[in-house]
Amino acid sequence: MSEENRLTKLDRLESQSIFIIREAYKSFKNIGMLWSIGKDSTVLLWLAKKAFFGHIPFELIHIDTNYKIPEMITYRDALAKELKLRLVVGQNKKALAEKRTFVDGLDRITCCKELKTIPLRQTLDGIGARRVYDPNRDVWEEAETAEPYNAVIVGVRSDEEGSRSKERVFSARDEKSEWDASAQPPELWNLYKTEFAPKTHVRVHPLLDWTELNVWEYIEKEKIPTISVYYNQGNGKRYRSLGCYPCTSPVDSDAHNPKEIIEELISGKFRNIAERSGRAQDIDGGGTLETLRKEGYM
């Protein structure tokens, strides 16, 4: 595909995603956006800025497992301060205190449930402690409860992992945030269902039609600042997908910038290798995270 055609496709994807973000903000009373610090959710953050002319009118939500790659937290806090983002950080402190983690002997899938699914559900429901960054005063504060979110915008792509290909742009969860893939509404001709029964929780996926290649092309085109661990820092390795450091392995790569990553994806070593091949919990889950996603996982 020529450079001109790729850019035309990026323009179309950008317009579609911005439309979805605006539609979601208009349709739900209290909406937030998940920010995992990775490339996809950072592109989503960039699109949200464009959608609202530089201002992001909703809270960003990050679930901190306490085992994220350290550079991710440094990058998160610096960007939140620079862009004046209201950031909500949820964490399962009880599980960490009781050592219910993979590091302490738990299996990876159960660890994901304890450190990701449970705190995500609690944060979306408005229960459980969380830390909140107030950009106006440049301070972090502890909060015990908050108003529940009716919906949350997520940087999920259908090509990333098997169960995510079953998602809809506006994806309904029940009041426990549980997901039934077979009960999702049809979405034809870009007509989206935005009205749901009371107590339904909705996940909104503006990047569903994007691919890993599209994301990196957009990062290159827009010069979006991304975390340094995506690039070879001189040791011949970089991270292709980000997660908790005990369960995420870097890949061998000489790519130092987005352009070189794009080359690897188009004709290089990663052309036919799954993006999340370095994520051990996917392997432990039988190659799919559908069981966890049914319980409310991202």
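Every value quoted in this text rests on a predicted model; they were computed, and no experiment measured them.
Counting heavy atoms from C-beta on, the side chains of Ile31 and Tyr25 come closer than 4.5 Å. Looking only at side-chain heavy atoms (C-beta outward), Arg238 and Glu264 come within less than 4.5 Å of each other. Between Tyr231 and Ser253, every side-chain heavy-atom pair lies at or beyond the 4.5 Å cut-off. Using a 4.5 Å heavy-atom threshold, the side chains of Phe270 and Glu212 count as separate. With a 4.5 Å cut-off on side-chain heavy atoms, Asn66 and Thr101 do not count as touching. Counting only heavy atoms from C-beta outward, the side chains of Ile37 and Leu242 never approach each other to under 4.5 Å. At least one side-chain heavy atom of Ile20 sits under 4.5 Å from a side-chain heavy atom of Phe170. The shortest distance between side-chain heavy atoms of Leu120 and Val152 does not fall below 4.5 Å.
Linking Ile, Leu, Val, Met, Phe, Trp and Tyr whenever their side-chain heavy atoms come within less than 4.5 Å leaves Ile118 and Ile109 in two separate clusters. Under a hydrophobic clustering in which Ile, Leu, Val, Met, Phe, Trp and Tyr are joined whenever their side-chain heavy atoms come within less than 4.5 Å, directly or via other members, Leu79 and Val132 fall into the same cluster. Neither Leu106 nor Val103 shares a network with the other; the hydrophobic side chains, linked directly or stepwise wherever heavy atoms of I, L, V, M, F, W or Y lie under 4.5 Å apart, form separate groups for each. The hydrophobic clustering, which links ILVMFWY residues whose side-chain heavy atoms are closer than 4.5 Å, places Ile73 and Leu34 apart.
Put simply, OH on Tyr230 and OH on Tyr75 are 9.0 Å apart, with the number rounded to the nearest 0.5 Å. Note that CD1 of Ile153 is 9.0 Å distant from CG of Leu60, once rounded to the nearest 0.5 Å. To the nearest 0.5 Å, atom NZ of residue Lys99 and atom CD of residue Glu114 are 14.5 Å apart. To the nearest 0.5 Å, atoms NZ (Lys39) and CG (Leu44) are separated by 13.0 Å. Put simply, CZ on Phe28 and CD on Glu23 are 9.0 Å apart, with the number rounded to the nearest 0.5 Å. Summarising the geometry, atom CH2 belonging to Trp46 is positioned 10.5 Å from atom CD belonging to Glu14; distances are rounded to the nearest 0.5 Å.
Remark: of the listed residues His201, Glu59, Lys29, Glu59 is the sole one forming a side-chain hydrogen bond (donor to acceptor under 3.5 Å, both in side chains) with Tyr149.
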I'd like to know whether Arg131 forms a side-chain contact (heavy atoms from CB on, under 4.5 Å) with Glu141, so could you lay out the CA-CA distance, the side-chain angles of the two residues, the decisive distance to 0.1 Å, and finally the verdict. CA-CA 6 Å; Arg131 296 174 66 233; Glu141 297 178 317; over 6 Å; no

Please report the C-alpha distance between Leu265 and Arg240 in whole Å, then the side-chain angles of each, then the deciding distance to 0.1 Å, and finally whether the side-chain contact (heavy atoms from CB on, under 4.5 Å) criterion is met. CA-CA 11 Å; Leu265 293 173; Arg240 190 175 172 198; 3.7 Å; yes

Determine whether Val202 and Asn150 satisfy the following criterion, side-chain contact (heavy atoms from CB on, under 4.5 Å), listing intermediate values before the conclusion. CA-CA 7 Å; Val202 179; Asn150 305 105; over 6 Å; no

Kindly determine whether Asp138 and Tyr133 satisfy side-chain contact (heavy atoms from CB on, under 4.5 Å), including the steps that lead there. CA-CA 7 Å; Asp138 189 24; Tyr133 176 67; 2.7 Å; yes

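Judged purely by atom type and a 3.5 angstrom limit, Tyr192 has no side-chain atom pairing as donor or acceptor with the backbone of Val169. A distance-only check finds a donor-acceptor pair linking the side chain of Lys269 to the backbone of Asp252 [under 3.5 Å]. Of the possible polar contacts, one joining the Gln233 side chain to the Ser228 backbone as a donor-acceptor pair under 3.5 Å is found. The main-chain N or O of Gly128 is found under 3.5 Å from a side-chain atom of Arg130 such that the two form a donor-acceptor pair. Counting only distance, with no hydrogens or angles, the side chain of Lys84 and the backbone of Lys81 share no donor-acceptor pair below 3.5 Å. When atom types are taken as modelled, the side chain of Ser17 and the backbone of Pro206 share a donor-acceptor pair closer than 3.5 angstrom. Using a distance-only test at 3.5 Å, with no hydrogens or angles considered, a donor-acceptor pair links the side chain of Thr211 to the main chain of Asn214. Of the possible polar contacts, none joining the Asp64 side chain to the Val89 backbone as a donor-acceptor pair under 3.5 Å is found. At least one donor-acceptor pair under 3.5 Å links the side chain of Asn30 to the backbone N or O of Pro148. Side chain of Asp125 to backbone of Ile127: no donor-acceptor contact under 3.5 angstrom is found.
At most 12 heavy atoms of other shown residues, nucleotides or ligands fall within 6.0 angstrom of atom NZ in Lys94.
Shortest non-hydrogen contact noted between Glu220 and Pro258 is OE1-CB, 3.6 Å. When all heavy atoms are compared, the tightest approach of Asp254 to Asn232 is CA-ND2, 3.6 Å. Shown here for Lys221 and Leu10, the closest heavy-atom pair between the two residues is CD-CD1, 4.0 Å. Counting all heavy atoms, side chain and backbone alike, Thr123 lies closest to Pro119 at OG1-O, 2.7 Å. Across Thr42 and Ile224, no two heavy atoms sit closer than the pair CG2-CG2, 4.0 Å. When all heavy atoms of Ser171 and His205 are compared, the closest pair comes out as CB-CE1, 3.7 Å.
Between Phe102 and Tyr67, the gap from one ring centroid to the other reaches at least 6.0 Å.
Side-chain contact check for Thr8 and Asp11: no donor-acceptor pair (N or O, by modelled atom type) lies under 3.5 Å.
A salt bridge between Glu222 and Lys49 is absent, with no side-chain N of the basic residue lying under 4.0 Å from a carboxylate O of the acidic one. A salt bridge does not link Lys68 with Glu71: every distance from a Lys NZ or Arg NE/NH1/NH2 to an Asp or Glu carboxylate oxygen is 4.0 Å or more.
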